[in-house]
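Each remark here refers to the structure printed beneath this line.
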Amino acid sequence: MSDTPRFPIESGCPDGFQYLHPSMKKNFGAWAYHERPRPGVLRHVAKSGDEIWSVRLGTQRQLGPYEINLLCDIADKFGDGYIHFTIRSNMEICVSDPAKVEPLIAAIEEAGYPVGGTGPSVTMISHTQGWLHCDIPGTDASGVVKALMDELYEDFVTEKMPNRVHITTSCCQINCGGQGDIAINIQHTKPPKINHDLVANACERPSVVARCPVAAIRPAMVNGKPSLEVDEKKCICCGACFPPCPPMQINDSEFTKLAIWVGGKHSNARSKPMFHKLVAAGVPNNPPRWPEAAAIVKTILEAYRKDALDWERTGDWVERIGWPRFFELTELPFTKFHVDNWKGARHSLNASAHIRF
Amino acid sequence: MADTPKNPERHHTFLPKDKKSSKDFHSTPNLDELEKGPWPSFVTGLKRLAMEEKFGNMVVDLLGQLEHSYNTRLGYWKGGTVSVFGYGGGIIPRFTELMGPDHKPLFPECKEFHTIRVQPPAGNHYTTGMLRQLSESWSKWGSGLVAFHGQTGNIMFIGTDTENTQHFFDDINAYGWDLGGAGPCVRTGMSCIGAARCEQSCANEMKIHRLLVNNFIDDMHRPALPYKFKFKVSGCPNDCMNSIQRADMAIIGTWRDDMKVNQEEVKSFVADKGRKYVIDNVITRCPTNALSLGDDDTLSVDNRNCVRCMHCINVMTKALSVGDDKGVTILIGGKRTLKIGDLMGTVLVPFMKLETEEDYEKLTELAEEIIDFWAENGLEHERCGEMIDRIGLVNFLEGIGVDVDPNMIASARQSSYVRMDTWEEEADKWNQRKAG
Ligand code: HEM
Ligand code: SF4
Ligand code: SF4
Ligand code: SF4
Ligand code: SF4
């Protein structure tokens with residue numbers, strides 16, 4: 001019968017090996033070293049003497065058939081027809097013949113895509129969904145990233161930073177965007193407003209109560225109907241109650257702000273992996289170009305570029321110079337909100353007489 | 001294949017002359033601002049899609065709704081339930097919440113706008129043929145808009161209605177693609193480029209990635225766990241996949257024996273960069289002071305104190321490389337903010353050799369133990385790391401049958417408020433294990 005539903009083939013994750021560039025296949029696990037001949041280009045040399053050149057370009061992450069065909073045409077004509085994506089939505093086109101590198105770069109740039117994002121550069125901002133598709137965002141993600149990458153374009157196509165800079169954005173406090181050298185994240189500043197008429201229908205009440213990290217939500221009867229109430233003094237405005245209970249509207253056109261965090265890194269190189277720390281908050285969520293957030297990010301990047309040593313990530317840099325100097329160099333205000341008061345906060349206090357003057 | 005790229009104009013500002021969709025563009029002054037500047041613009045991309053015949057009207061209205069969000073600074077999507085036949089997850093359903101005074105959608109063409117999560121090949125390797133094939137299917141059954149990739153690692157096919165969801169899936173499933181996870185389930189995995197192109201790789205990332213994810217494929221497609229569970233694989237401690245902060249189970253390649261030093265290359269590096277550079281950027285940056293530069297410009301490494309951080313190897317790529325006795329470190333419990341704040345993965349297995357099929361089997365068995373224990377003991381909506389935080393690492397280890405190891409801690413206990421009546425037994429266990 002033709003309209004019997006077809007059972008899925010549960011093939012899982014496809015084997016990437018079959019799609020490897022022939023040089024990667026041949027030299028799998030047998031690479032000797034790599035170099036960066038220029039920003040945006042990596043040259044890997046295998047023990048066999050083979051080499052592969054990877055040209056890295058920044059994309060807008062959301063691609064349509066036009067962009068896909070355009071980039072695939074370039075990869076077919078000037079590259080060897082293989083494409084690799086990095087975790088930060090950069091595309092890499094790889095070739096084994098060094099003579100193909102320059103024409104490949106020229107074709108990519110001609111098509112309007114920047115070549116860069118390698119080594120000590122500001123690479124593409126890793127981002128989430130935002131207003132384009134998520135159901136809980138306080139801001140857009142693609143828009144913030146586009147606006148910021150316009151400002152940081154020079155830092156993408158050059159390698160003038162002390163070390164690599166990973167920027168992330170998150171459009172709610174769940175923070176899908178992840179840890180970053182600089183993270184631009186939503187920070188709600190007012191408790192959710194409850195639409196009591198809708199709670200009974202739309203809300204999974206027990207799971208909302210369980211979701212609140214500070215136990216600020218209680219079941220309540222409002223106008224004779226089961227609803228919820230929030231102890232506003234306790235509420236930390238995290239927004240965790242909003243996904244299971246959309247009537248607990250946390251997003252607000254004015255009070256949903258941005259906060260900026262510094263010093264997250266996942267690499268184990270030199271220091272252990274670190275979480276990013278708060279440096280600025282109350283930043284207006286100001287589409288379409290978020291100029292206030294961009295200005296702070298650029299200030300931080302400039303201070304880092306001038307003051308950090310080669311190979312220091314932002315977190316390494318701040319640990320070396322200390323937080324007082326960070327606030328001095330960036331001229332960002334230091335407030336009581338920078339002092340952690342969550343469980344385990346003592347670990348972040350200065351229990352020593354180590355002071356720099 | 002065209003001879004030259006199709007548009008000699010600047011592509012990111014190029015719009016075709018004829019619009020095949022029937023609906024007029026909404027005015028989008030905010031979004032138009034995002035077409036300025038040198039970075040490729042997703043807005044221009046959306047406008048191009050909005051001119052297509054099929055699904056063009058859907059994208060016209062998507063732009064309208066997005067512009068509305070930019071004006072009001074609020075989002076207007078709500079979830080629902082949509083899945084393909086045979087599966088419980090993998091689709092993110094979206095319905096517009098933006099209704100006019102007549103309670104009808106203000107932007108009706110995108111009233112359904114679902115996303116389909118598809119697992120990319122391990123390591124994110126594609127051929128142009130595969131990309132074009134996926135893109136064609138998505139233009140046939142959906143908006144054409146694809147995100148490479150979501151933060152969990154999926155290829156995200158953004159925007160179609162309920163009916164076409166199934167058609168698209170049938171299409172791509174037939175030629176080798178499968179849905180990723182959504183909901184309380186094992187999620188799509190990620191692995192770094194590693195052995196395919198990186199000399200620092202200590203593992204076969206693609207093999208580990210596929211082994212783990214595909215072993216739990218039922219747990220991915222039929223969500224029944226307390227919450228999401230992610231595997232991520234990095235070939236070395238540079239952790240390019242960010243497994244330590246974002247994976248419930250992070251597999252990170254490392255080595256046990258001595259790192260390899262090519263003294264000739266060390267000498268030429270010193271000759272090239274100068275002693276000061278080498279001392280400032282390599283020797284003094286070692287977190288454990290394990291490096292020393294000789295008067296004759298040779299490098300000595302105190303391998304017993306090297307913590308395999310990768311720094312010196314990153315700087316002197318030709319002179320230094322990882323050792324031969326390779327394997328992986330396994331960490332557990334990394335995640336992002338909700339609900340108790342960010343958690344870093346912590347060491348569970350300091351070193352696991354991954355050479356023989358039995359070794360790989362041990363890895364899968366460990367993952368099974370962990371997921372089983374968490375499925376039984378985790379609260380609803382509690383990530384594995386949060387459960388460990390709640391019950392304590394030791395209870396977790398006992399639950400999954402893994403012995404304590406001093407590599408699991410940054411420092412030994414600081415609080416004396418603990419009962420230790422079974423000290424002798426525990427000390428015996430350690431001694432017995434040490435005796436082998
Ligand atoms: C309410 C609980 C939620 C939590 C705790 C949460 C958390 C996260 C985290 C931490 C990530 C990134 C993980 C990683 O880097 O590997 C992620 C990814 C993502 N989240 Fe959420 N999220 C939640 C709900 C949602 C909702 C309601 C949406 C709606 C669309 C959403 C959309 C996404 C998307 C699109 C990604 C990227 C997915 C991918 O790459 O496949 N999340 N989420
Ligand atoms: S950060 Fe929040 S709002 Fe943004 S995509 Fe993730 S869950 Fe959605
Ligand atoms: S916003 Fe966060 S703290 Fe406030 S009530 Fe909701 S879950 Fe609780
Ligand atoms: S994690 Fe290590 S092995 Fe993997 S790509 Fe990065 S540097 Fe290479
Ligand atoms: S890898 Fe790291 S810890 Fe080991 S010697 Fe090099 S810099 Fe030191």
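Throughout, a chain's letter reflects where its sequence line sits, starting with A, and its residues are numbered from 1.
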**OP:** Give, as side chain, backbone, both or neither, the part of B/S321 having an atom under 4.5 angstrom from any heavy atom of chain A.
**Re:** neither
Subject >> Interface residue of largest heavy-atom contact number with chain A, from B/D342, B/D218, B/L179, under 4.5 Å >> reply: B/D342
**OP:** Can you measure from OH (A/Y82) to CE (B/M130) and round to the nearest 0.5 angstrom?
**Re:** 10.5 Å
Original post:
Tell me, side chain or backbone of B/I158 under 4.5 Å from chain A's heavy atoms, or both, or neither?
Top reply: side chain
**OP:** Please lay out, stage by stage, how B/K318 and A/E35 fare under the test side-chain contact (heavy atoms from CB on, under 4.5 Å).
**Re:** CA-CA 9 Å; B/K318 265 188 176 174; A/E35 295 170 338; 3.9 Å; yes
**OP:** Go through the atoms of A/A147 and report whether side chain, backbone, both or neither lie under 4.5 Å from a heavy atom of chain B.
**Re:** both
**OP:** I would like to know whether A/D76 and B/R132 meet side-chain contact (heavy atoms from CB on, under 4.5 Å); could you show each step before the answer?
**Re:** CA-CA 12 Å; A/D76 283 337; B/R132 289 186 214 265; 2.4 Å; yes
Subject >> Test applied, side-chain contact (heavy atoms from CB on, under 4.5 Å); reference residue, B/H125; option that passes from A/H21, A/K25, A/M24 >> reply: A/M24
Original post:
Contact part of A/E92 toward chain B, heavy-atom cut-off under 4.5 Å: side chain, backbone, both or neither?
Top reply: side chain
Original post:
chain B heavy atoms under 4.5 Å from A/C212: which part of the residue, side chain, backbone, both or neither?
Top reply: backbone
Original post:
Of the listed residues (B/N71, B/D170, B/L49), which shares the most heavy-atom pairs with chain A below a 4.5 Å separation?
Top reply: B/D170
Subject >> With sequence neighbours excluded, residues passing ring pair (Phe, Tyr, Trp, His ring centres under 6.0 Å) with A/W290 >> reply: B/Y70
Original post:
Has the side chain of A/Q62 got a donor or acceptor atom that lies under 3.5 Å from a matching backbone atom of B/V43?
Top reply: no
Original post:
Do A/R270 side-chain atoms and B/C286 backbone N/O form a donor-acceptor pair below 3.5 Å?
Top reply: no
**OP:** Measure up the A/H133 and B/W77 rings against each other and bin them: parallel (under 30°), tilted (30 to 60°), perpendicular (over 60°).
**Re:** tilted
**OP:** Report yes if the side chains of A/S11 and B/I217 come closer than 4.5 Å at any heavy-atom pair, otherwise no.
**Re:** no
**OP:** Name the region of A/D252, side chain, backbone, both or neither, that has any atom closer than 4.5 Å to a heavy atom of chain B.
**Re:** backbone
**OP:** Against chain B, label A/H44 side chain, backbone, both or neither, depending on which of its atoms sit under 4.5 Å from a heavy atom there.
**Re:** side chain
Subject >> With sequence neighbours excluded, residues passing side-chain contact (heavy atoms from CB on, under 4.5 Å) with A/D150 >> reply: A/K146, A/R289, B/P38, B/W39
**OP:** Given side-chain contact (heavy atoms from CB on, under 4.5 Å), test B/L131 with A/I83 step by step and report yes or no.
**Re:** CA-CA 9 Å; B/L131 281 175; A/I83 281 172; 3.6 Å; yes
Original post:
B/R210 side chain to A/C13 main-chain N or O, any donor-acceptor pair under 3.5 Å?
Top reply: yes
Subject >> Winner by heavy-atom pair count (cut-off under 4.5 Å) against chain A, out of B/L74, B/D239, B/L379, B/L62 >> reply: B/L74
Original post:
Checking A/K272 against chain B: side chain, backbone, both or neither under 4.5 Å from a heavy atom?
Top reply: side chain
Original post:
Taking side chain as C-beta onward, heavy atoms only, is B/V315 less than 4.5 Å from A/W311?
Top reply: yes
Original post:
Side chain, backbone, both or neither: which part of B/P16 has a heavy atom under 4.5 Å from chain A?
Top reply: neither
Original post:
Is the backbone N or O of A/L132 less than 3.5 Å from a side-chain atom of B/Q65, with the two atoms forming a donor-acceptor pair by type?
Top reply: no
Subject >> Side chain, backbone, both or neither of B/L46 within contact of chain A (heavy atoms, under 4.5 Å) >> reply: side chain
Original post:
Between B/L145 and chain A, which part of the residue has a heavy atom less than 4.5 Å away: side chain, backbone, both or neither?
Top reply: both
Original post:
Which bit of A/A210 comes within less than 4.5 Å of chain B, counting heavy atoms only: side chain, backbone, both or neither?
Top reply: backbone
Original post:
Can you tell me how far the CG atom of A/D135 sits from the CD1 atom of B/I92, to the nearest 0.5 Å?
Top reply: 9.0 Å
Original post:
Between CG of A/N69 and OG of B/S139, what distance do you get to the nearest 0.5 Å?
Top reply: 8.0 Å
Subject >> B/H114 portion near chain A, given a 4.5 angstrom heavy-atom threshold >> reply: backbone
Original post:
Are any non-hydrogen side-chain atoms of A/E10 and B/Y87 less than 4.5 angstrom apart?
Top reply: yes
Original post:
So do A/F17 and B/M206 actually touch side chain to side chain, heavy atoms under 4.5 Å?
Top reply: yes
**OP:** Heavy-atom distances under 4.5 Å only: say whether B/L343 touches chain A with side chain, backbone, both or neither.
**Re:** backbone
Original post:
Where on B/W177 is there a heavy atom nearer than 4.5 Å to chain A: the side chain, the backbone, both, or neither?
Top reply: both
**OP:** Could you tell me which portion of B/C240 (side chain, backbone, both or neither) has an atom closer than 4.5 angstrom to a non-hydrogen atom of chain A?
**Re:** backbone
Subject >> Whether B/Q151 side chain and A/H127 backbone form a donor-acceptor pair below 3.5 Å >> reply: yes
Subject >> Validation row: A/S207, B/H381 side chains within 4.5 angstrom (heavy atoms) >> reply: no
Original post:
chain B heavy atoms under 4.5 Å from A/E254: which part of the residue, side chain, backbone, both or neither?
Top reply: neither
Original post:
Is the shortest heavy-atom distance from the side chain of A/H266 to the side chain of B/M344 under 4.5 Å?
Top reply: no
Original post:
Contact part of B/E33 toward chain A, heavy-atom cut-off under 4.5 Å: side chain, backbone, both or neither?
Top reply: both
Subject >> Point-to-point distance, once rounded to the nearest 0.5 Å, from CZ of A/R61 to CZ of B/F148 >> reply: 11.5 Å
Original post:
Will you find, in the side chains of A/S54 and B/R197, an N or O donor that is under 3.5 Å from an N or O acceptor?
Top reply: yes
Original post:
Is any side-chain heavy atom of A/R6 closer than 4.5 Å to a side-chain heavy atom of B/N173?
Top reply: yes
Subject >> Between B/P120, B/G235, B/G189, B/P29, the one whose heavy-atom pairs under 4.5 Å with chain A are most numerous >> reply: B/P120
Subject >> chain A contact via B/Y277 - which portion, at a heavy-atom distance below 4.5 Å >> reply: side chain
Subject >> Closest contact, heavy atoms only, A/G16 versus B/P121 >> reply: CA-CB, 3.9 Å
Original post:
Is chain B contacted by the side chain of A/L71, its backbone, both, or neither, given a heavy-atom distance below 4.5 Å?
Top reply: neither
Original post:
Do A/W31 side-chain atoms and B/Q200 backbone N/O form a donor-acceptor pair below 3.5 Å?
Top reply: no
Subject >> Proximity breakdown for B/A203 and chain A, heavy-atom pairs closer than 4.5 Å >> reply: neither
Original post:
Relative to chain A, which segment of B/N238 carries a heavy atom at a distance below 4.5 Å: side chain, backbone, both, or neither?
Top reply: both
Original post:
Between B/M220, B/E97, B/R285, which has the largest tally of heavy atom pairs under 4.5 Å with chain A?
Top reply: B/R285
Original post:
Quick one: what part of A/L63 sits under 4.5 Å from any heavy atom of chain B, side chain, backbone, both or neither?
Top reply: both
Original post:
Top residue by heavy-atom pair count (under 4.5 Å) with chain A, among B/S191, B/G86, B/A195?
Top reply: B/A195
Original post:
Given the rule in the side-chain contact (heavy atoms from CB on, under 4.5 Å) test, do B/N242 and A/H166 qualify, once you have shown the distances and angles that lead to the verdict?
Top reply: CA-CA 11 Å; B/N242 198 350; A/H166 290 170; over 6 Å; no
Original post:
Between B/R73 and A/T139, is any pair of side-chain heavy atoms under 4.5 Å apart?
Top reply: no
Original post:
So what's closer than 4.5 Å to chain B heavy atoms on A/N27: side chain, backbone, both or neither?
Top reply: backbone
